[in-house]
2 protein chains.
Amino acid sequence: MPDKDYHHGDLRAALVLAALERLEAGGAAALSLRGIARDCGVSAMAPYRHFADKDALLDAVAGHGFQELARCLEEADATAGGREALAAQGAAYVAFACRHPALFRLMFMAPRRSSDGSAAYAILARRAAALAGPGQSAGDLTLAAWSLVHGLAALILDRRVPLEPGEVDGVARRITLAFARMTEGPTVG
Amino acid sequence: MPDKDYHHGDLRAALVLAALERLEAGGAAALSLRGIARDCGVSAMAPYRHFADKDALLDAVAGHGFQELARCLEEADATAGGREALAAQGAAYVAFACRHPALFRLMFMAPRRSSDGSAAYAILARRAAALAGPGQSAGDLTLAAWSLVHGLAALILDRRVPLEPGEVDGVARRITLAFARMTEGPTVG
DNA sequence: GCGTTTTGTTTACAGTGTCAACATCCATGC
DNA sequence: GCATGGATGTTGACACTGTAAACAAAACGC
C-alpha cells in the first residue's frame, strides 16, 4: 500500500460523507467547503477536482439523502398493503425528515439544480395511484398524497405545529390513513 | 426637514424593504447584509443599530411575508363559503408561494428562530375546523389541510412536480376541494 | 446651553468560495 | 527501467461575507 498521504483513496465519497456528518452535527450553517475539506485532511481546493463547485457537492449529498429516503419508503411499504401501506409510507416520510432535519431541508428547500428524487416519488406514486377510485385522477391523488406528507414534514421541522416527538408518528399515520380513506368516499363530478 | 444625510429617517423599515427587493430580484443568495445596507445608502454596520444580527433582519422580512400571506388568505376566503372557501385559500396559498418563491422559502424553509405565522394559520384553521364532520378531529383536519397546501407549494417551488405556470391554480384548487370533500365521506372508527 | 442617548461611521479580523499557478503521484508508452 | 502525460492535491491570492471595537455626529431632555 502506497503512502496515501498525497493521494486520498476515494476523496469524492469521503467528501460527501464528511458533509453528511457535518450536516447532522451542526446543520446547514456548518456546511463549509473548507471545513469539509479539512475534515478529510485535504486542502481547500481539493474538492474542486471532484465537484464543479460547492453546490455540486451539495447536490451529491442531497442525492445520497434521496437514496436513503427511497430505501425508507420501500421498507415501510413492505410492512403492509393497500391503504395501510400508504399510511406507513407517510409515517416513514415524516420520520425520515425528523431524523435528518438538515439533510431533508437540503434535499428540498433550496433552489437546487438537479438532485433527482424521482425514485422516492415513484414508490409513493405506485401506492397512491393504485388507490384511485373511479372518476379520480391518479395523478392528482399521487400529488396530493406527496404534498400531504411533505407539507406535514416541513411544518413539523419548522416547529410550525407544536408536536411532541412522541406524537409525530401517530399523527402522521392517522392523517395519511384518513387521506387514503378519501378514495372510498364520494368522488368528484 | 434636517439634513437626512447622517440620520436616515426610518432605516429599520428601509432595510426590510431593501431586503425584500433583493429577495425578489436575486433570490436568497443576493441577501447580504452589506448589500442591503449599501442599497439603503448606509454603512455595513448601521443595520446593527436596528437588528441584533443578520438573522434578526431576516426574521423581520419573514414576518412581513407572513402578514402579506395572511392578507391573501383572508381575501381568498371572502370570495366563497364552506368548502369552496377552503379551496380558494389553498389556491391563494400556492399562488403566494409562486409569486414570491424566495420569500416563501425564507419564511418557512430555514431554521428560523421566531417569525410568527400564527395569523395566517388561524385563517386557514377557522375554515378547516368548521368542516370537521362527526368523529373527525378538527385539529387533525386543520393540520392536514395546511400540510396539503404547504407541501404542494413547496414541491412546485422546487420543481418537483412538472407543472406549467398556467396549470398551478387549477391543480391547487382541484386538490384542495377534493380534500375538503373528504369531510363528507365515511369517517374514522 | 449642555450632557445623554440614539444613530451612523471607520477600521479590523476571521472565515468563505473560488481562480491561477505549481507540485506530486500513478499509469502508461517505449 | 525510465521518461511522459494526465489525474489529483497544494499554495497563494482575491473579493466577499458577518460582525466586534472604537469613534463621531445628530437629536433629545433638562
Side-chain angles (χ1 to χ4, degrees), chain A residues 1-23 25-62 102 105-106 110-115, chain B residues 1-23 25-62 102 105-106 110-115:
Chain A
M1 202 186 306
D3 246 14
K4 282 265 205 172
D5 260 23
Y6 201 95
H7 277 37
H8 185 296
D10 186 359
L11 184 56
R12 181 181 179 107
L15 287 168
V16 173
L17 197 68
L20 276 166
E21 278 168 16
R22 263 176 178 259
L23 207 51
L31 271 190
S32 93
L33 202 45
R34 295 173 101 110
I36 295 167
R38 215 176 305 132
D39 289 353
C40 294
V42 101
S43 85
M45 286 301 293
Y48 287 89
R49 294 293 147 186
H50 301 271
F51 299 98
D53 55 8
K54 185 186 179 181
D55 273 355
L57 168 55
L58 263 42
D59 269 0
V61 174
R105 265 192 278 258
L106 178 68
R112 295 253 73 68
R113 56 180 78 157
S114 56
S115 65
Chain B
M1 202 186 310
D3 245 14
K4 282 263 204 173
D5 258 22
Y6 200 95
H7 278 34
H8 182 292
D10 187 359
L11 183 56
R12 181 182 179 108
L15 287 168
V16 173
L17 198 68
L20 276 166
E21 278 169 16
R22 263 174 178 259
L23 207 51
L31 272 190
S32 92
L33 202 47
R34 296 173 100 111
I36 296 167
R38 217 175 304 132
D39 290 353
C40 295
V42 102
S43 85
M45 287 300 293
Y48 286 90
R49 292 293 148 187
H50 301 270
F51 299 99
D53 54 8
K54 185 187 180 182
D55 273 356
L57 167 54
L58 264 41
D59 268 0
V61 174
R105 266 193 278 259
L106 178 68
R112 294 252 73 70
R113 54 180 80 157
S114 56
S115 64

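All values below were derived from every heavy atom in this structure, side-chain atoms included, with hydrogens, water molecules and symmetry-related copies excluded. Lettering follows sequence order; numbering is per chain, from 1.
- Put simply, CG on B:L31 and CG on B:L20 are 8.5 Å apart, with the number rounded to the nearest 0.5 Å.
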Anything under 3.5 Å between a donor and an acceptor, one on a side chain of residues 35-47 of chain A, the other on a protein residue two or more places apart or in another chain? List them.
from	atom 1	to	atom 2	distance (Å)
A:D39	OD2	A:R22	NE	2.6
A:S43	OG	A:M45	N	3.4

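- Rounding to the nearest 0.5 Å places CG of A:L15 at 9.0 Å from CG of A:D10.
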*Determine which bases of DNA chain C form Watson-Crick or G-U wobble pairs with both distances under 3.5 Å, and write the result as a 5' to 3' dot-bracket string with | for other-strand partners.*
||||||||||||||||||||||||||||||
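- The CG atom of A:L17 sits 11.5 Å away from atom CG of A:L11, with the distance rounded to the nearest 0.5 Å.
- Taking atom CZ of residue B:F51 and atom P of nucleotide C:dT7, one finds them 12 Å apart after rounding to whole Å.
- B:H50 has a side-chain polar atom (N or O) that falls below the 4.0 Å cut-off from OP1 or OP2 of C:dG8.
- When every heavy atom of B:Y48 is checked against every heavy atom of B:L33, the shortest pair comes out as OH-CD2, 3.4 Å.
- Closest approach of B:L106 and B:A62 over heavy atoms only: CD2-N, 4.4 Å.
- With rounding to whole Å, A:D10 atom CG is found 13 Å from D:dT8 atom C1'.
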*Any chance you could list the contact pattern along nucleotides 16-21 of chain C? Use B for base contacts, S for sugar-phosphate-only contacts and - for none, protein heavy atoms under 4.0 Å, 5' to 3'.*
BBBBBB
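- For B:A60, the side-chain contact (heavy atoms from CB on, under 4.5 Å) criterion is met by B:V16, B:F51, not counting sequence neighbours.
- Distance CD1 (B:I36) to P (D:dC16): 16 Å, rounded to an integer number of Å.
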